[in-house]
Amino acid sequence: MPREKQLNAEQLRRIFLEFAEAMRELPPDTEAGFLDAEGELRLAPDVGRKLRTARNVREALQQIRKAENEREE
C-alpha cells in the first residue's frame with residue numbers, strides 16, 4: 001500500500017521542474033486541468049498518464065539520438 005512521504009523544498013522544486021518540462025512536450029490544446037471556484041489548481045485525472053507517456057517518448061528519443069551519436073563516432 002502506498003504511503004505518504006514528506007517532501008522538502010528542493011524535492012518539490014525538482015518535481016515541479018520535471019512536471020513543467022513534460023508539460024511543454026504535450027500539445028498545447030491538451031486538457032491538463034482547471035482552477036476551481038476557490039482558485040485551487042485541479043489536474044485532469046489522466047494528466048499523470050499523459051506525462052508518463054511524454055516522458056517515455058522523450059526517453060526513447062534520447063536513446064535513439066545517443067545510439068546514432070555512438071555510431072557516428
Side-chain angles (χ1 to χ4, degrees):
M1 177 175 183
R3 60 186 180 129
E4 292 182 3
K5 179 182 177 183
Q6 286 291 112
L7 300 173
N8 64 35
E10 174 61 19
Q11 291 168 322
L12 191 56
R13 183 189 73 79
R14 289 189 351 235
I15 288 169
F16 279 127
L17 290 173
E18 284 294 320
F19 182 81
E21 181 66 27
M23 290 302 292
R24 283 199 316 221
E25 295 175 13
L26 294 174
D29 61 342
T30 301
E31 183 180 335
F34 61 96
L35 292 176
D36 68 14
E38 287 80 35
E40 297 289 326
L41 177 63
R42 304 293 180 196
L43 298 177
D46 64 339
V47 75
R49 181 176 49 79
K50 291 173 183 172
L51 292 174
R52 283 189 297 277
T53 299
R55 176 174 286 153
N56 291 340
V57 168
R58 184 176 69 216
E59 288 173 1
L61 290 172
Q62 288 172 343
Q63 290 173 356
I64 290 168
R65 283 188 214 116
K66 181 180 176 185
E68 287 176 352
N69 290 338
E70 289 173 354
R71 271 188 258 131
E72 290 175 1
E73 292 177 353

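Computed from a predicted model, the values in this text were never measured in an experiment.
Under the 4.5 Å side-chain heavy-atom criterion for grouping Ile, Leu, Val, Met, Phe, Trp and Tyr, Leu7 is connected to Phe16 within one hydrophobic cluster.
What you find for Lys5 and Gln11 is that their closest heavy atoms are NZ-NE2, 4.2 Å.
Contacts of Glu10 classified as side chain to side chain contact (heavy atoms under 4.5 Å, CB included), with partners at least two apart in sequence or in another chain: Asn8, Arg13, Arg14. With sequence neighbours left out, Arg71 forms a side chain to side chain contact (heavy atoms under 4.5 Å, CB included) with Ala67, Glu68.
Leu12 contributes atom CG, which lies 9.5 Å from atom CG of Leu17 (distance to the nearest 0.5 angstrom).
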Please tabulate, one pair per line, all N/O donor-acceptor pairs under 3.5 Å involving side-chain atoms of residues 33-44, not counting sequence neighbours.
| unit_1 | atom_1 | unit_2 | atom_2 | d |
| --- | --- | --- | --- | --- |
| Asp36 | OD1 | Glu38 | N | 3.0 |
| Asp36 | OD1 | Gly39 | N | 3.0 |
| Asp36 | OD1 | Glu40 | N | 2.8 |
| Asp36 | OD2 | Arg42 | NE | 3.1 |
| Asp36 | OD2 | Arg42 | NH2 | 3.0 |

